[in-house]
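Note sheet for the following structure.
Fair warning: this is a prediction, and the values are worked out from it, not measured in the lab.
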Amino acid sequence: MQKLTYINLHNEQMVLSVAPFVLEKITGLGMADIDYETLRGAYQQGDTAAGFRRASRAVTATFALYAISRADLYAKRQSLLGILSPDRAMKGSERARIIYENDFGRWVTYAVPEGGLEPAKRIQDIQPGLKVTFHCESPYWYAMAEEEVEFSYGGGGFTLPFSFPISFGTRDYSKEALNSGHVDAPVQIWIACKGEIPRLVNRCTGKSLALSSAVPDGYTLYVNTDPARLEATLTDSNGVVTGAFGRLSLDTPMADFVLRPGLNTLVYEAGGAGAQSIIRVRWQAAFEGV
């Protein structure tokens, strides 16, 4: 079983699977094309790969349109053309998306139509061989749902005077995060600060994200390490948002703080303060192909 669903920004859908839109063939599911940067010495045989860049992805679906009459066929085709209009596929940074499904699972990626549905032939009230191509800015397919871990203060401790038994409370400031994808996953981080100098460390990669000074109690730090959507902001207790790029430590470039494939150990350090912050880390597993 294979199924491709296109969802535009108006939440209108084109579902290619069984009648009336029977999916015949789909391409562009594997690994995206890779462009290698190479170096070659004066007398070198062959070359040396110095780096690489993944190209964007093109997904092409071929399907047959089944109708109950000729008028119904033309009406269905015109409806699809409206759903596929680029005006409904992109607005600012927003994008439409496609969801691919087979017997193993479901995956999603952002996509905009490149054109298609040019009629070829018609057999009574059936039109086979219709094609539509989607331009996918990302080379990856993504898990349908984001994953998240949360660090939180686990108790109220004790106050004087006290009596036995004593409840000290716990600080669960170490978490394991599983990236089930094929490649490094950027993260979104929210830290509800309590007056400390926040610092988040990935023990498995050796990379860290930190601020250079303490954040007042009641402020929330937000960081997005996706290279396409880099963001760092502070929101005060009144909801006023200010940029935080200038307050980030220079120890690790933001885009380098990722979850490697597999298990990652994340540790939150409070700069020596007895912090009671709540930290959320969210990511979406990415796959080379499906």
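- Hydrophobic cluster membership differs between Y66 and F21, with clusters built from Ile, Leu, Val, Met, Phe, Trp and Tyr side chains linked at under 4.5 angstrom.
- Taking 4.5 Å as the limit, some side-chain heavy atom of L248 sits within range of a side-chain heavy atom of L211.
- Between L29 and W141, the closest side-chain pair of non-hydrogen atoms falls below 4.5 Å.
- Proximity of a side-chain donor or acceptor of N224 to a complementary backbone N or O of Q188 within less than 3.5 Å is not detected.
- In this structure, the separation between OG on S17 and CE on M1 is 7.0 Å, given to the nearest 0.5 Å.
- The same ILVMFWY cluster, assembled from side-chain heavy atoms under 4.5 Å apart, contains both M144 and I7.
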In residues 106-125, what donor-acceptor pairs under 3.5 Å come from side-chain atoms, sequence neighbours left out?
unit_1: T109; atom_1: OG1; unit_2: Y140; atom_2: O; d: 3.1
unit_1: R122; atom_1: NH1; unit_2: Q124; atom_2: O; d: 2.9
unit_1: D125; atom_1: OD1; unit_2: R70; atom_2: N; d: 3.2

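- Side chains of T133 and T60: a donor on one and an acceptor on the other come within 3.5 Å.
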Exercise for the section: Please test V215 against L221 for side-chain contact (heavy atoms from CB on, under 4.5 Å), starting from the C-alpha separation and ending with a verdict. Expected result: CA-CA 8 Å; V215 178; L221 172 66; 5.5 Å; no
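- With hydrogens and angles ignored, the 3.5 Å screen pairs a side-chain donor or acceptor of N8 with a backbone N or O of I83.
- Counting only distance, with no hydrogens or angles, the side chain of E288 and the backbone of A32 share no donor-acceptor pair below 3.5 Å.
- Taking each heavy atom of E24 and P128 in turn, the nearest pair found is OE2-CB, 3.8 Å.
- Rounding to the nearest 0.5 angstrom, the gap separating the CG atom in L234 from the OG1 atom in T220 is 8.5 Å.
- Test I189, I278, I191 against Y268 for side chain to side chain contact (heavy atoms under 4.5 Å, CB included) and you get one pass: I191.
- Side chain of D184 to main chain of V258: no donor-acceptor pair is present (N/O by atom type, distance under 3.5 Å, no hydrogens or angles).
- When all heavy atoms of M254 and V223 are compared, the pair lying nearest together is CE-CG1, 3.7 Å.
- Taking 4.5 Å as the limit, every side-chain heavy atom of E150 sits out of range of all side-chain heavy atoms of K175.
- Hydrophobic clustering (side-chain heavy atoms under 4.5 Å, transitive across Ile, Leu, Val, Met, Phe, Trp, Tyr) keeps V267 apart from L209.
- For the pair W283/N264, no side-chain contact is recorded, criterion being any heavy-atom separation below 4.5 Å from C-beta on.
- Scanning both residues, P261 and G181, for their nearest heavy atoms gives CB-O, 3.6 Å.
- A donor-acceptor pair is defined here as one N or O able to donate and one able to accept, closer than 3.5 Å; such a pair exists between the side chain of T225 and the backbone of V187.
- Residues Q284 and A185 come closest through the heavy atom pair O-CB, 4.1 Å.
- Summarising the hydrophobic clusters (Ile, Leu, Val, Met, Phe, Trp, Tyr; side-chain heavy atoms under 4.5 Å, direct or chained), the residues clustered with Y43 are none.
- No more than 12 heavy atoms of other residues, nucleotides or ligands sit less than 6.0 Å from atom NZ of K131.
- Remark: the backbone N or O of G92 is not paired with any side-chain donor or acceptor of E94 at under 3.5 angstrom.
- D35 places no side-chain N or O within 3.5 Å of a backbone atom of A55 that could act as its donor or acceptor partner.
- Q2 contributes atom CD, which lies 11.0 Å from atom CG of L16 (distance to the nearest 0.5 angstrom).
- N102 places a side-chain N or O within 3.5 Å of a backbone atom of F104 that can act as its donor or acceptor partner.
- Between L65 and Y74, the closest side-chain pair of non-hydrogen atoms is not below 4.5 Å.
- Side-chain N/O atoms of E12 and Y6 include no donor and acceptor closer than 3.5 Å.
- How far OG1 of T38 is from CG of D47: 4.5 Å, rounded to the nearest 0.5 Å.
- Judged by distance alone, with hydrogens and angles left aside, the side-chain atoms of R247 form a donor-acceptor pair with the main-chain N or O of A214 at under 3.5 Å.
- With values rounded to the nearest 0.5 angstrom, C193 atom SG is found 9.0 Å from D217 atom CG.
- Shown here is Y222, whose OH atom has more than 12 heavy atoms of other residues, nucleotides or ligands within 6.0 Å.
- Under the 30°/60° scheme for interplanar angles, the aromatic rings of H182 and F287 are found to stand perpendicular.
- D72 places no side-chain N or O within donor-acceptor distance of the main-chain N or O of K76, the cut-off being under 3.5 Å.
- The cluster map of Ile, Leu, Val, Met, Phe, Trp and Tyr, joined by side-chain heavy atoms under 4.5 Å apart, puts V201 and V149 in different clusters.
- Using a 4.5 Å heavy-atom cutoff, the side chains of L4 and F134 are in contact.
- A 4.5 Å side-chain heavy-atom check between T233 and E231 finds at least one atom pair inside the cut-off.
- Residue G28 comes nearest to R57 through the heavy atom pair O-NH1, 2.7 Å, listed as atom of the first residue, atom of the second, then distance.
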Exercise for the section: Show your working on side-chain contact (heavy atoms from CB on, under 4.5 Å) between F257 and T205 and close with a plain yes or no. Expected result: CA-CA 8 Å; F257 192 88; T205 64; 5.8 Å; no
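- At least one side-chain heavy atom of V59 sits less than 4.5 Å from a side-chain heavy atom of C136.
- A continuous path of hydrophobic side-chain contacts links L23 to L84 [ILVMFWY only; heavy atoms under 4.5 Å].
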